[in-house]
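Working notes for the structure below.
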Number of protein chains: 2
Amino acid sequence: MGRRRQSVTIKHVAAHAGVSLQTVSRVINKEPNVRPEMMQRVQESIAALGYVPSIAAQRMGGSRSYLLLALNDRDRTIADWRKREGSDWIDQMLLGGMLTCAQHGYRMIFELVDTHSDHIERELSAALAALQPDGVILTPPHSHNPMITDLLEKAGIAFARIGSLRDGGGFRLTMGDEVAARDATMHLVGLGHRRIGFIAGPTDYELSHWRVEGWRWTMETAGLSADGLLANGDFSYASGIAAAKQLIETGATAIVASNDQMALAAIAEARDCGMEVPRDLSVVSFDDTPVVRFHHPPLTAIAQPIAEVTARAAELLITTAADARDRAPVEVPARLVVRESTAAVPSDR
Amino acid sequence: MGRRRQSVTIKHVAAHAGVSLQTVSRVINKEPNVRPEMMQRVQESIAALGYVPSIAAQRMGGSRSYLLLALNDRDRTIADWRKREGSDWIDQMLLGGMLTCAQHGYRMIFELVDTHSDHIERELSAALAALQPDGVILTPPHSHNPMITDLLEKAGIAFARIGSLRDGGGFRLTMGDEVAARDATMHLVGLGHRRIGFIAGPTDYELSHWRVEGWRWTMETAGLSADGLLANGDFSYASGIAAAKQLIETGATAIVASNDQMALAAIAEARDCGMEVPRDLSVVSFDDTPVVRFHHPPLTAIAQPIAEVTARAAELLITTAADARDRAPVEVPARLVVRESTAAVPSDR
DNA sequence: ATGAAAGCGCTAACAA
DNA sequence: TTGTTAGCGCTTTCAT
């Protein structure tokens, strides 16, 4: 492999421009106290030599590393990749995160960490020690894992928590899950449905509760009973089947599912029961991953703005000073996309 | 942000173990000339203190960076992410690349670079200078871009080229495109088809030609005419529509498309012509992204082993010494997955 | 087999 | 406003 040294360093630039290292450094970091003409000269030299700072050296100098770490749950992510069910959660995170980082001269590194494992602290510490990122983006279920947030807090590393509102430091971002669930439910109410079932997500996700609350609130407000219309799921297709079975038996004419897979399962289960969607049963899903658009019929869904929320998280981490932490949560609202899996309630129901 | 220094460094370990910095360094890097008892002692200290080397510092010292860079085409990748058509090429690369890197104590960083831009050299140089990766994984169309390969060659950075067999240094890996195209075509021949159309990919992808060759060879070998049965596409849905139109007019009873989007387009176009798949037209696609399994009917497809080929690329970069370069290309074969978009040729044709 | 010294490219603290 | 000095944590020399 041999030792590969930086071909053009800050030294070369300094020599070329006839200034000190420090002046070059100041220009690179856009620090004050540099005369415009100096800055001009240095920038010309930088361009002429094609100089790019080494982030390793920058980090060693004690400043920022210009690295953001996006942390996802290892088991879930790998399982999703292997299943190839068309979820593009990760892609959308990369889209929002990488582009935003690039705009600010940062880079986003994507990493997987176990949530459940007991050596999680060691694993995370290792990643932090090795990479020394300036900030960390957390997604559920990491977002509200105290082992993780405490560690980050102690290490003094900025972090953003997507999908969590609990205490625990860092920036909090949501996609307005409760409002989204209201919108989905209202849409069905507007179509004349009175028995609207809800398939909840796993209870260890905060957003599962928010979504249930949105549904419950709308049912109450519309003067509808929610009795027997809440079924538990865990985001898996299998759990969606079971939940749908239960809801169909209860006589639901519409179902809101907390993710796409459970929504697809609900439709499949409905078919098994001889029902057709949306004629006999309306279904709304959460997430709006690509498969629901290619499904027949295309699903009415809550589209989660994953790219946008990740972009906001990155921006907060990069641009917000340490003293401005613990601000109010940022909400990037999801929106309802009406397609063909929802229709007016059958007149005989 | 404040300066955040490494909490436990090689110095602490050295002090704890009562040895010199150098001995610790030797243990970390598994170098020879360390007595087992010394090694033992040092490793205990490392474990006790929870020490993890800083890759920034390692890199500064002149050693490896333990970073691999996966380079993809910016425009195409971002366009794919935005379209949300369910392609999981990137996810599969991450799956194969990240896991393999992790096994070897490496990290994979995913980056986007413009192919067409004239400032490509600057862009790539910047990424290399900033990150100083030990190796780079190239995908089409970067794989055979001389601007990129020459730059890497000159910089002395190991690289792997997926989907290219041209000269240009580095490791070459393919997914056996020609054989895959043969398999797809043979499958159709076996079903009795004689007029088998082929929708080619863009000509600036080497693999487009390989796939055409596989089809052509099979047609010849089976004693079938290929006249008028080759249509050009560019991987886009729109181009698939046009190509399918042409092939259907020519009287093709089966079509092999060079990617999923064009295959889906072919099916849509067939429907527009009042034909049903697979009754009136059989279709085989390349890639096997998730959407084709959720499509109705599910598509018979060539499944590209992206995760595996990326894993192999990473492994080659990490484990192969510099003197073992320019070896024979590595082929990770794709395989045909038969689903419901192919059937026997109609008896009246 | 082990240790001491020098330096990687950069930034922070200080001085001028 | 600018330059000088001293590290950052690690790996390479080169001694011992």
Side-chain angles (χ1 to χ4, degrees), chain A residues 1-42 46 49-67 105 126 128-132 134, chain B residues 1-42 46 49-67 105 126 128-132 134:
Chain A
M1 205 68 49
R3 48 197 290 115
R4 229 177 339 90
R5 299 241 101 104
Q6 190 97 334
S7 50
V8 31
T9 74
I10 197 172
K11 267 189 192 163
H12 300 103
V13 177
H16 183 103
V19 298
S20 73
L21 294 184
Q22 193 45 36
T23 302
V24 178
S25 175
R26 286 191 179 105
V27 172
I28 296 168
N29 297 294
K30 300 191 180 70
E31 279 169 28
N33 298 340
V34 181
R35 275 181 311 175
E37 48 193 282
M38 276 280 111
M39 201 165 119
Q40 170 79 9
R41 217 164 79 199
V42 171
I46 288 178
L49 302 177
Y51 165 76
V52 177
S54 148
I55 69 165
Q58 289 187 136
R59 173 59 225 157
M60 287 304 299
S63 84
R64 292 179 288 185
S65 64
Y66 296 94
L67 254 31
L128 296 177
L131 262 13
Q132 316 204 157
D134 292 333
Chain B
M1 204 69 44
R3 47 200 290 118
R4 226 176 344 88
R5 303 243 95 105
Q6 192 98 333
S7 51
V8 31
T9 74
I10 197 171
K11 267 188 191 161
H12 301 103
V13 178
H16 184 104
V19 298
S20 73
L21 293 185
Q22 192 42 37
T23 304
V24 178
S25 176
R26 285 190 179 107
V27 172
I28 295 168
N29 298 294
K30 299 190 180 73
E31 279 169 27
N33 297 341
V34 181
R35 276 180 310 173
E37 48 192 281
M38 275 280 114
M39 199 164 122
Q40 170 79 9
R41 218 162 81 198
V42 171
I46 289 178
L49 301 176
Y51 165 77
V52 177
S54 148
I55 72 164
Q58 289 186 131
R59 175 61 225 156
M60 286 305 297
S63 87
R64 290 179 289 185
S65 64
Y66 297 95
L67 254 32
L128 296 178
L131 262 12
Q132 315 204 176
D134 292 333

Under 4.0 Å from OP1 or OP2 of [N]: is there any side-chain N or O of [X] that close?
X	N	value
B/Tyr66	D/dT11	no
A/Asn33	D/dT2	no
B/Ser20	C/dA4	no
B/Arg59	D/dC10	no
A/Thr9	C/dG9	no
B/Gln58	D/dC10	no
B/Thr23	C/dG3	yes

- Item | Spatial distance of atom OG1 (B/Thr23) from atom CD1 (B/Ile10) [nearest 0.5 Å] |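 Rounded to the nearest 0.5 Å, the OG1-CD1 separation comes out at 9.5 Å.
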- Message: Heavy atoms only, 4.0 Å cut-off, all strands: where does B/Pro32 land among base, sugar-phosphate and nothing?
- Response: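 Contact class for B/Pro32: none.
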- Query: Can a donor-acceptor pair under 3.5 Å be found between the side-chain atoms of B/Arg26 and the base atoms of C/dG3?
  - Reply: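 By the distance-only test, yes, there is a pair.
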- Query: Would you say the side-chain atoms of B/Ser65 pair up with the backbone N or O of B/Gln132, donor to acceptor, closer than 3.5 Å?
  - Reply: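 Yes, because the side chain of B/Ser65 sits within donor-acceptor range (under 3.5 Å) of the backbone of B/Gln132.
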- Query: Between A/Asn29 and A/Lys11, who's closer to the 5' end of DNA chain C by nearest nucleotide?
  - Reply: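 Per heavy-atom nearest nucleotide, the more 5' residue is A/Lys11.
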